[in-house]
Amino acid sequence: MDTAELLARCNFGDDNELALGVSGGADSTAMALLAAEAGRSFTVWHVHHGLRDASDAEAESVEKLAASLGMPFELRRLELTDGPDLEATAREARYAALPADVCVAHTADDRAETVLLNLLRGAGLAGMATPFSRVRRPIIGLRRAETRALCEFAGVSVVDDPMNDDPRFARVVVRNQLMPAAADALGRDPVPLLNRHADLVADALIVIQDAAAALDATDTAALRAAPRAVASEALRQWLMAETGNRLAVDAASISRVMDVVDGTARATEVEGGFRVARTAGRLRTEPPPGR
């Protein structure tokens, strides 16, 4: 297998020391193998979610991987319980437990699924661009089939998380049903198309964000005078700052706030139970009761 060709499509940056988030699955295991192949120094970080009986064995497997590569290992334990919004809850808890500059093993397939998922959620331009700015994603240029093939080539066993096939999670439905249906309908692999679309939107979003940064998102007159895309981006950034929500505010929330800007509504509710109201041509947010 041509690991040099795979490495040419990776970006581990220039840091002397890396933090790699490794679950034990094929993607994150391949990321660790490629970082080692590139001669990089790194620490393997593993989060034990406490959700399944197999979690202990998975942690031991990742620790052995780190030892085989001659790299230090860090384990973080969580005490999560199954329930509503488990996927989002686990993701937030996992990122909180990992270093801020952690490298995670999202692939081009993951990005394509995120584009489609955000489209269906009405996440707007930011969702389409999938900037993935929270953490580092060095193997985003690789395909999922390539990471699994690399692990097989290296003779390294990997973990198969049953949550990846649990239809309770929207991403699993997108991955296992919508993406194959799109491939059948188009007669071609949709992953490169969706990644190309995300790149194009990301380029356009830079221009819009620059214009939005110069706009006072609380000034309704300025918002009305600006192009809708610029006003929407200014509101999105303002709402994220006001509510503390690191996820993109959806298009429906922005549309409701624009009704307040236009004067067709006096107030509206957005992310996290926050209320947006207008007084004397200025917007303000009001926290949910008890906060």
Side-chain angles (χ1 to χ4, degrees), residues 9 21-31 47 49 51-52 80 82-95 103-149 151 158-202 204-205 236 240 245-255 271:
R9 289 186 278 129
V22 179
S23 67
D27 296 339
S28 59
T29 298
M31 178 176 66
V47 177
H49 294 85
L51 289 169
R52 296 181 286 107
L80 301 180
D82 202 344
D85 298 323
L86 174 61
E87 185 178 25
T89 299
R91 180 175 59 248
E92 291 300 315
R94 181 166 59 250
Y95 280 131
C103 296
V104 297
H106 290 154
T107 64
D109 296 80
D110 293 300
R111 190 182 187 207
E113 291 160 7
T114 299
V115 171
L116 188 52
L117 188 59
N118 284 346
L119 174 64
L120 298 175
R121 286 173 170 167
L125 289 176
M128 292 299 94
T130 58
F132 282 162
S133 58
R134 184 190 303 192
V135 290
R136 299 167 62 177
R137 293 169 170 81
I139 66 166
I140 197 69
L142 303 186
R143 298 298 301 272
R144 191 174 290 140
E146 291 175 316
T147 65
R148 187 166 289 276
C151 293
V158 298
V159 171
D160 288 315
D161 187 346
M163 288 180 64
N164 290 332
D165 292 308
D166 191 334
R168 291 181 300 164
F169 305 127
R171 180 175 292 276
V172 171
V173 175
V174 168
R175 176 179 301 168
N176 294 341
Q177 298 183 34
L178 296 189
M179 293 293 283
D184 289 342
L186 296 172
R188 60 190 298 190
D189 183 1
V191 170
L193 303 177
L194 290 168
N195 275 268
R196 193 176 307 125
H197 174 69
D199 288 337
L200 291 171
V201 174
L205 187 59
R236 187 182 74 85
M240 287 176 65
N245 189 343
R246 290 192 291 179
L247 300 177
V249 179
D250 65 18
S253 294
I254 297 297
S255 181
E271 299 287 330

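Throughout, residue positions are numbered sequentially from 1 according to the sequence presented.
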Could you give the side-chain donor-acceptor pairs of residues 172-180 under 3.5 Å, partners two or more places apart or in another chain?
| from | atom 1 | to | atom 2 | distance (Å) |
| --- | --- | --- | --- | --- |
| Arg175 | NE | Glu113 | OE1 | 3.2 |
| Arg175 | NE | Glu113 | OE2 | 3.2 |
| Arg175 | NH2 | Asp110 | OD1 | 3.4 |
| Arg175 | NH2 | Glu113 | OE1 | 3.1 |
| Asn176 | ND2 | Asp165 | OD1 | 3.4 |

Measuring from atom CG of Leu119 to atom OG1 of Thr114, what distance do you get when rounded to the nearest 0.5 angstrom?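 Nearest 0.5 Å value for the CG-OG1 distance: 12.0 Å.
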Rounded to the nearest 0.5 Å, what's the gap from CG on Asp166 to CZ on Arg171? Could you check?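 Those atoms lie 14.0 Å apart.
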For the residue pair [X] and [Y], what are the closest heavy atoms and their distance?
X	Y	value
Leu205	Ala129	CD2-CB, 3.9 Å
Val22	Thr29	CG1-N, 4.4 Å
Val104	Pro138	O-CD, 3.6 Å
Ala26	Cys151	O-SG, 3.5 Å
Ala108	Val191	O-CG1, 3.6 Å
Thr107	Leu142	CB-O, 3.2 Å

Is a side-chain donor or acceptor of [X] paired with a backbone partner of [Y] at a separation under 3.5 angstrom?
X	Y	value
Ser255	Ala251	no
Asn118	Met128	no
Ser28	Ser23	yes

Pair listing, side-chain hydrogen bond (donor to acceptor under 3.5 Å, both in side chains) test, anchored in residues 186-197, at least two apart: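 Passing the test, one end in residues 186-197: Arg143-Asp189.
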Verify whether one side chain among Arg236 and Ser253 offers a donor that lies under 3.5 Å from an acceptor in the other.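 Looking only at side-chain atoms, Ser253 and Arg236 do not form any donor-acceptor pair under 3.5 Å.
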Identify, with sequence neighbours excluded, every residue that meets salt bridge (charged side-chain N to carboxylate O under 4.0 Å, His left out) alongside Asp199.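 Only Arg111 meet the salt bridge (charged side-chain N to carboxylate O under 4.0 Å, His left out) criterion with Asp199.
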Should the pair Arg137-Asp27 be classified as a salt bridge under the 4.0 Å nitrogen-to-oxygen rule?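 No, no charged N to carboxylate O under 4.0 Å.
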